[in-house]
Amino acid sequence: MNKVTDSIFYVGVNDHQVDLFEGQYVVPNGMSYNSYVIVDDKTAVMDTVDIHFTEEWLRNVAEVLGDRKPDYLIVQHMEPDHSASIEAFRKVYPDAVVVATDKAFKMIGQFFRDMEIPEDKKIVAANMATLELGTHTLTFVHAPMVHWPEVMMTYDSKDKVLFSADGFGKFGALDVEEEWDCEARRYYIGIVGKYGMQVQAVLKKAAALDIAIICPLHGPVLKEDLAHYIGLYDTWSSYRAEDKGTVIAYTSVYGNTKKAAMMLADKLRAKGETVEITDLAREDMAEAVENAFRYDKLVLATTTYNNEIYPFMHHFIINLVERDYKNRTVALIENGSWAPTAARKMKAMMENLKNITWLDTVTILSSLSKENEEQLDKLADELSK
């Protein structure tokens, strides 16, 4: 049995079948779907798992419970990777009481059209309501739009555990060793990044709690150096740059725009600057978005295409705008052989973003000119200030 504490057990599963999480995020090391059991005078199961792993999960639960039956199923989040096994659980344990927010119960009805939960088997968890298990007292902390409206987190005051729903999660299965920060950042920016204000509200609630352990629904249980993880969440949800450096994101048809991007990168590195450069047509879009939020400066370099922005760049900017990109320095490089319009249209897409410092645009006519090289020198100077 995988113990979190003497009376809290991990019963989640690893998924190495998934190639795209949520149908879009590349997960080379798979995913974990986390679930926990609290054993006390009464027992509580914290969330379920993806439908493909229901039987494995039920075996894990049964191994912890032994001859006992669960008293409660606590549903913190209704996304199917965590809720899809609710119906199967209720068939095995029909006497268990389901605890969830009012909005979660509405979603249960939407996801499970033929499942009826009797009223005496429901507890609607109000914000900051408590549930006594014995020595464990659970407090339900509503966390709307982190990142769905029905979400709640749960705090156990006995073992000082925060069950954080999708908060503090990461990509990657638990049987693979990898650095937390990178895949947690890519996960946060991609999935939760739009809801920084709501995350900040939850962090303020969490600051009033004595937390020793964080149990998320994805990724490892966090027991050490919690200030590091909470500090990163504060940075990300405040839309502050985590590191100083320049991300150069480019698209290029015949190589001339790429040449400009590479030249600028070389000039910046020669000045001792950190540079992340990405070909948006070939490299992971989610990682490019993650890096744009990680660093304090961004250069967008693209070709005018069909009198518009090259498609991969267009998609990249949509990702930034949807996630409320702000508080950054941005420069544009455009290329066009007869009517370059990409810079103007990129800037128009980003016009409502807050606190963006715009640097001078470099316009290339087909291929790099001597004047362009001088402009790139100047741009490198401005970016390295």
Could you tell me whether [X] sits above the aromatic face of [Y], with NZ or CZ closer than 6.0 angstrom to the six-membered ring centre and within 45 degrees of the axis?
X	Y	result
Lys326	Tyr239	yes
Arg328	Tyr325	yes
Lys122	Phe105	yes

Short side-chain to backbone donor-acceptor contact, [X] and [Y], under 3.5 Å:
X	Y	value
Lys205	His142	yes
Asp15	Val18	yes
Thr235	Gly231	yes
Asn34	Gly219	yes

Are more than 12 heavy atoms, taken from residues, nucleotides or ligands other than [X], located less than 6.0 Å from that residue's [atom1] atom?
X	atom1	result
Glu371	CD	no
Gln24	CD	yes
Lys42	NZ	no

Using 30° and 60° as the class boundaries, would you call the ring planes of Tyr188 and Tyr233 parallel, tilted or perpendicular? perpendicular

When you look at Phe163 and Tyr155, which way does the ring pair (Phe, Tyr, Trp, His ring centres under 6.0 Å) test go after all the steps? CA-CA 6 Å; Phe163 296 93; Tyr155 178 69; 9.3 Å; no

Distance flag, aromatic centroids of His218 and Phe168, threshold under 6.0 Å: no

Does Phe293 form a ring pair (Phe, Tyr, Trp, His ring centres under 6.0 Å) with Trp236? I'd like the steps, not just the answer. CA-CA 8 Å; Phe293 279 86; Trp236 300 338; over 10 Å; no

Taking [X] as the fixed residue, which of [options] is the one that meets the side chain to side chain contact (heavy atoms under 4.5 Å, CB included) rule?
X	options	answer
Val161	Ile214, Ile213, Val221, Leu138	Ile213
Val45	Trp57, Phe9, Tyr93	Trp57
Asn372	Thr363, Val362, Asp377	Val362

